[in-house]
Amino acid sequence: MKYGFFDDRRREYVITSPETPLPWINYLGCEAYFGIISNTAGGYSFYRDARLRRLTRYRYNNAPFDFGGRYIYVRDEASGRFWSPSWQPTRHEAEKYSCRHGLGYSIIGSTYEGIGAETLYFVPLGENLEIWQVTVTNGGKKPRRLSLFSSVEFCLWDAQDDSTNFQRNFSTGQVEINRGVIYHKTEYRERRNHFAYFACSEKPAGYDTQRDTFLGAYRSWDNPAAVERGRSFNSVANGWGPIGSHHVRLSLRPGETRRVIFVLGYHENPAGDKFDPPGSQTINKKSVRPTIARYVKPAAVDAAFESLRQYWDRLLGLYQAKTPDRHANRMVNIWNAYQCMATFNMSRSASFYESGIGRGLGFRDSTQDLLGFVHMVPGRARERVLDLASTQLESGGAYHQYQPLTKRGNNDVGSNFNDDPLWLIVGVAAYLKETGDWSILDAPVPYDNRPGSETPLFEHMQRSLRYTLERLGPHRLPLIGRADWNDCLNLNCFSETPGESFQTTTNKDGKVAESVFIAGLFVLAARELAEIALRRHLASEAGEYLSAAARMEETVCAHGWDGQWFLRAYDDFGNKIGSKECDEGKIFIETQGFCVLAGIGLKDGMAQMALDSVRKLLATPHGIMLQQPAYSRYYLHLGEISSYPPGYKENAGIFCHNNPWVMIAETMLGNGERALDYYLRINPSAREKIGSVHRCEPYVYAQMIAGKDAPTHGEAKNSWLTGTAAWNYYAVTQFILGIRPSYGGLIVAPVVPAAWEGFSVRREFRGVCYDITVSRKGRGNSVHMTVDGREVEGNVIPLPSAGVGRVAVNVLLS
Ligand code: GLC
Ligand code: GLC
């Protein structure tokens, strides 16, 4: 069952039925002002930080699931009937409903009783505001008199406090209404210098700012009293629930179309200039007025929308592929890259599954996300790397998360996730290969944001490696700490108290439990750092890192191998996890994928054996499961992983994040068929046809798909914000299609199915545009290449001389 279709030309997914199995969402904003928006206009907005600067209110886990949003009501004055063009909240049976989710915008609308109404929602580049442009058309033969009502519910800024501290919050809400603009200014009188505003292109016939007046007691958003009676109450919120609603009257001749623009925005005033006149309690509106005046005009909206289109054209234009597989094309060229930008902006903070309250930016998450977005926004990637590294601790450890607004490490979660620091090396290496910007290594970066503690970034990376080496366990494998990549494998926690956090509770001394996964990650990171050191002429350091990597590899082979696959870990008793000796959890995906990806076992057949075991024991038609057999009960010594019912999340779910590790591993062994096969099993576009099983959006990856032990095998959950975005993009673009940046130039090393006759890629790299055409001659993966007509040995396209803007590369695969 499908709920819509891909419009690849317009780079949109068009949803044709509002009743999708779950809210199918999109993101607005790409810099500082953001929003999430569902296919029925549900969602909310915030400035920079979904927890600390929430503009509009949203109630998670509601019934209906997605309720509360950017709703418009249309009322026919003759009949008194009213409806919402976005279907929610009134849920009228519309004649023609569609939601076009595009790149940074959504257009949602429908036709009802001859009136077509659709709203374009987007955030102009460089602005802290969102536009709702409503286009209303009278499709009938009679003139119509209509009323439009806008509505938003303001959040009192701190989303956590807003949803809990009612004894205070019911008394603090404040607004101003001035020249038809509604200003939300709760706490502006005291310590806040910011406010929100909601403006309209028309002179409103009325307004409401008090929720319970607008709705009426005991009513909901599906039949607000003001809309029902056709007239606002001009209510002024004092405490309770401040909202914004304008009432606009329209008369439309047959065939006539009108545009009405609403602008919702965020604005800050300097602390000393908050009030006008000074000494009053009235918001100083001088600096915000020009912005409002500008964006209530159609010409400014058109221009801003066009700039947004060009912004995405440019970003996506950096890597465009034409392959024989349309799902790969669509995801690589449009949606996967787009999702990588969403994970860059949001990390794991705000989605329909992440409340914007719980998590800031994760150290491990954001460093991995770099792999997917560094080529699109290298300047911002640099800033992100430095922000992340600034939360590193002197020990080399790292805060697990930081708040985007303050850029400070989050003390509640703390550190000691022993994989965290190593990801910094992986992220910086990706940045360097992409940009060639070696100066970043010398940038002074503090520890724990402490002024005066700065060292060059390079030393942060050295400390990351040392952090692992200083924490080796009984087998000389890395100690796991609170957890490694798998946040739910909590080997030092032993929690018996309900509700206790598995991640922050640690009651074992942590000197025994070891992670084979971190060992694999260490091998990769140490080799990356060695290569960087060599290029900085630090030969002895490079030698040290290489031998540390070699020692770790030997340790993995000696103590991390189970006979047919890699072990996962040793627990606090020194017993194996992920071994044939275990009753449950005999084999895990992480170490099979990552150890091979790091180059372990490539020569002696271990890698092949590990991947064959994955195929036999973990692969399902819906993707590769995290482990098998699932844990059937709670194990005190394993922690959260065994808290999930079998088949869900880390307990034998299909974690789409580490499936690409196996894809990459398969390419390292030259298995193009298998790599692409795994790629397509979880590719959202390829799963569109099983929409009622998959249930999440068919245009973006979800964190997980239920595994075979789950009653809902194949059902996706937690879409959008997941390392899956970056890793799948990285796997398909750099390892399957095989076009990947290296220090000395772009590598061309495709590992694609023998049945593919060829493909082409247009890739911008360090300011040069490469047109790469790959054609098959034989069935293997050997590359013979000509660059601008000249034969080149090997598979690295040499960096062209200065001034060259385009390079044509022809590759024969045999
Ligand atoms: C979540 C976390 C990520 C972790 C993964 C596996 O996606 O954001 O950091 O690696 O779960 O537990
Ligand atoms: C939960 C989730 C896991 C996530 C972690 C973050 O344990 O299952 O995926 O990484 O929370 O704290």
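Counting convention: from 1, in listed order, for ligands and their atoms alike. Since the model is a prediction, treat every value here as computed from it, not as a measurement. Scope of the values below: all heavy atoms of this structure, side chains included, with no hydrogens, waters or symmetry mates.
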Does ligand 1 have a heavy atom under 4.0 Å from the side chain of D365, from its backbone, from both, or from neither? side chain

Has ligand 1 got any nitrogen or oxygen that is less than 3.5 angstrom from a nitrogen or oxygen of H657? no

With a cut-off of 4.0 Å, which atoms of ligand 1 are near a heavy atom of Q703? 1 (C), 7 (O), 11 (O)

With a distance cut-off below 6.0 Å to the six-membered ring centre and an angular limit of 45° from the axis, does R568 pair with F566 as a cation-pi contact? no

Is the terminal nitrogen or CZ of R527 (NZ for Lys, CZ for Arg) located under 6.0 angstrom from the six-membered ring centre of F522 and within 45° of that ring's axis? no

Parallel, tilted or perpendicular: which fits the ring planes of F517 and W485, with parallel below 30° and perpendicular above 60°? tilted

Just which atoms of ligand 1 are under 4.0 Å from any heavy atom in N486? 12 (O)

As a test of understanding, state which of Y730, Y729, Y679, Y678 forms a ring-ring contact (aromatic ring centres under 6.0 Å, His included) with F735. Y730

Parallel, tilted or perpendicular, as decided by the 30° and 60° cut-offs, for the rings of Y44 and F46: tilted

Under a 4.0 Å heavy-atom limit, does E650 contact ligand 1 with its side chain, its backbone, both, or neither? side chain

